[in-house]
J.: 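Quick one: the structure is below, questions incoming.
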2 protein chains.
Amino acid sequence: MTDAPPDLRADARRNRERILQAAVGQFTRHGIDASLEDVARAAGVGAGTLYRHFPSREALIAAALRQGQDRLLAEAARARALPDADAALAAWLASLQDYLRTFHGLPAPVLAAIEQQDSPLALSCEAMAAMTGEFLDRAKREGHARASVETADLFLATLGIAWAVDRAAACGTSTGRVNAILARGYLRDGGDR
Amino acid sequence: MTDAPPDLRADARRNRERILQAAVGQFTRHGIDASLEDVARAAGVGAGTLYRHFPSREALIAAALRQGQDRLLAEAARARALPDADAALAAWLASLQDYLRTFHGLPAPVLAAIEQQDSPLALSCEAMAAMTGEFLDRAKREGHARASVETADLFLATLGIAWAVDRAAACGTSTGRVNAILARGYLRDGGDR
DNA sequence: GGGTTATGTGGAGACTGCCTCCGTATAGTG
DNA sequence: CACTATACGGAGGCAGTCTCCACATAACCC
């Protein structure tokens, strides 16, 4: 759980951990836009301390997310083990969307991280896109994925749908039905190109 | 162009118009999250005046959007005239996304308006959903739209994709390719249900 | 233990944006 | 011209982000 910062003083390490824990709590309760002052307060720490450890909101999000990433990787491994390439891709996309629902509003900073690779989220973001590409490629080879579908586009569409479902949770829309549209389209007939 | 407020004093009417014009400018340049203080400043008006005419950011957005709505309705009519139901649906969805790109970040308040119908945007939002339903129903009857696709889901997916494309404009992703995925899915084979 | 110093701490305060309130200005009317 | 309903504007309260630096303290050495 502790992401073992290199060589911090004991109190610094302790504070860092407290902040992280408080951040997870606040982000879970109030979404990704939770007040950082509140996070500091909940951690029993001054604002300066928070900003020294995590210079930007994105950095804090990235760190708070690190834990859930293990689960995502585990689910990716499970999906990879599926014999059916199409099912594997679908399972991966579902896991990805679950992950993006870790905190309310998460898709926004993740998408933002695509563009500026200096973002602390950029790494995991690229990794997610790469894995999407891996599953998509396999589904093109072994399954029924269209050759014309590109990784970036599918990833973007997935992010967009995760965002929309996340925000419209109240009105009764199911992730499943929306994703069914993404998988098979709103049109009935196939016919590539 | 002037949305003819009922019976305002001359200076009030003039100021309202200036604010609206300034809002369009700021929203166009800086997106939907532009500072309202800047809008007031650009309009040469105090903050109080701005808030009296437009009590919330959403109200201002709704008013600033009113102009573009005419174009959207015109495009809807053009789409409705298309003989092919599938093409009509696709054209409508494309127009809708164009409209959602009027201002950077517009999909967010529009989606938010779905949930709270007291929002000034709720009306146009419901109208857009209703029109999507109209085109979808026709495509189900006359074209190749799947019976299992529901209006709310398609509308939501469209919003999500508009959001994602809007935000990822920099990296080279085309609306066309993403929408192709939405239309025909990432899988090759048909087979309803 | 006591002294020294590199490493951290916290909160005051500068800044920005949202929004309200009310003393003042002015358009419209007779 | 006087009078009043209507509208104006900006000061000020609030909340949030982020920085800066006087002060604390962990770690190291004797």
Side-chain angles (χ1 to χ4, degrees), chain A residues 2-23 25-27 29-64 103-105 108-109 112 118-120, chain B residues 2-23 25-27 29-64 103-105 108-109 112 118-120:
Chain A
T2 312
D3 214 348
D7 50 347
L8 262 59
R9 234 168 65 173
D11 54 347
R13 190 185 308 263
R14 185 170 3 102
N15 278 332
R16 192 179 191 281
E17 207 53 43
R18 274 191 200 164
I19 292 170
L20 223 37
Q21 192 177 329
Q26 295 293 314
F27 287 159
R29 248 190 304 284
H30 308 296
I32 220 72
D33 291 324
S35 157
L36 294 191
E37 271 187 351
D38 283 351
V39 172
R41 204 184 335 272
V45 135
T49 301
L50 188 153
Y51 284 101
R52 192 165 343 93
H53 284 292
F54 306 99
S56 69
R57 171 175 240 104
E58 296 213 325
L60 184 53
I61 294 172
F103 303 132
H104 240 294
D118 59 322
S119 159
Chain B
T2 311
D3 214 348
D7 50 346
L8 264 61
R9 235 169 63 174
D11 54 347
R13 189 186 308 264
R14 185 172 1 103
N15 278 332
R16 193 180 190 281
E17 207 52 43
R18 273 191 200 165
I19 292 170
L20 222 37
Q21 192 177 329
Q26 295 292 314
F27 288 158
R29 247 190 305 284
H30 307 297
I32 220 72
D33 292 323
S35 159
L36 295 190
E37 273 187 349
D38 282 352
V39 172
R41 204 183 336 271
V45 135
T49 301
L50 189 153
Y51 286 101
R52 193 167 340 96
H53 284 291
F54 306 99
S56 69
R57 170 175 240 106
E58 296 213 326
L60 184 53
I61 294 172
F103 303 133
H104 241 294
D118 58 321
S119 158

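Since the structure is predicted, the reported quantities are computational estimates derived from the model, not experimental observations. Naming: A, B, ... by sequence-line order, numbering from 1 per chain.
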J.: Within the 4.0 Å limit for protein heavy atoms, which parts of nucleotides 19-30 of chain D are touched? Write it as a string from 5' to 3', B for base, S for sugar-phosphate only, - for none.
T.: BB----BSS---
J.: For B/His30 and C/dG17, give me the distance from atom NE2 to atom P, rounded to whole Å.
T.: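 So the NE2-P distance, B/His30 to C/dG17, works out to 11 Å.
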J.: Are there over 12 heavy-atom neighbours, none belonging to A/His104, within less than 6.0 Å of that residue's NE2?
T.: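 Incorrect, the count does not exceed 12.
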J.: For the pair made of CZ in B/Arg41 and P in C/dT16, what is the distance, rounded to whole Å?
T.: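 Answer to the nearest Å: 10 Å.
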J.: For A/Phe27 and A/Asp33: C-alpha separation, side-chain torsions, deciding distance, then whether side-chain contact (heavy atoms from CB on, under 4.5 Å) applies.
T.: CA-CA 7 Å; A/Phe27 287 159; A/Asp33 291 324; over 6 Å; no
J.: In whole angstroms, how far is the P atom of D/dT17 from the CD atom of A/Gln26?
T.: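 To the nearest whole Å, that distance equals 11 Å.
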J.: Look up atom CG in A/Leu60 and atom CD in A/Gln26, then write down how far apart they are to the nearest 0.5 Å.
T.: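 One gets 10.5 Å once the value is rounded to the nearest 0.5 Å.
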J.: Return the minimal non-hydrogen interatomic distance between A/Leu36 and A/Leu50, and the atom names on each side.
T.: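 Minimum heavy-atom separation between A/Leu36 and A/Leu50: O-CD1, 3.4 Å.
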J.: May I ask you to evaluate whether A/His53 reaches the phosphate of C/dG8, defined as a side-chain N or O under 4.0 Å from OP1 or OP2?
T.: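 Negative; the distance criterion is not met.
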J.: Find the distance B/Leu50:CG to C/dT20:C1' and express it as a whole number of Å.
T.: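 In whole Å, C/dT20 C1' lies 13 Å from B/Leu50 CG.
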J.: Rounded to the nearest angstrom, tell me the gap between atom CD in B/Glu37 and atom P in D/dG12.
T.: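 Between P of D/dG12 and CD of B/Glu37: 15 Å.
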J.: As an exercise, state the distance from CZ of B/Arg13 to CZ of B/Arg18, rounded to the nearest 0.5 Å.
T.: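 Separation between the atoms: 14.5 Å.
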J.: Calculate the interatomic distance between A/Asp7 atom CG and C/dT7 atom C1'; express it in whole Å.
T.: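 Distance check: A/Asp7 CG to C/dT7 C1' gives 11 Å.
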J.: Separation of B/Glu17 atom CD from D/dC8 atom P, in whole Å?
T.: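 In whole Å, D/dC8 P and B/Glu17 CD are 13 Å from each other.
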J.: Thinking salt bridges, do B/Asp38 and B/Arg41 make one under a 4.0 Å N-O criterion?
T.: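 B/Arg41 and B/Asp38: salt-bridged.
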J.: Looking at A/Ser35, does any N or O in its side chain come under 4.0 Å of the phosphate oxygens OP1/OP2 on D/dT17?
T.: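 Indeed, a polar side-chain atom of A/Ser35 lies that close.
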J.: Select from B/Asn15 and A/Asp33 the residue whose nearest nucleotide in DNA chain D is closer to the 5' end of that strand.
T.: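 Comparing both residues, the 5'-ward one is B/Asn15.
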J.: Taking it one step at a time, do B/Val45 and B/Arg52 satisfy side-chain contact (heavy atoms from CB on, under 4.5 Å)?
T.: CA-CA 11 Å; B/Val45 135; B/Arg52 193 167 340 96; over 6 Å; no
J.: Select one nucleotide: of D/dT17, D/dG9, D/dC8, the one nearest the side-chain heavy atoms of B/Val45.
T.: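 Of the candidates, D/dG9 comes closest.
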J.: In whole angstrom, what separates B/Leu60's CG from C/dC18's C1'?
T.: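 Value for this atom pair: 13 Å.
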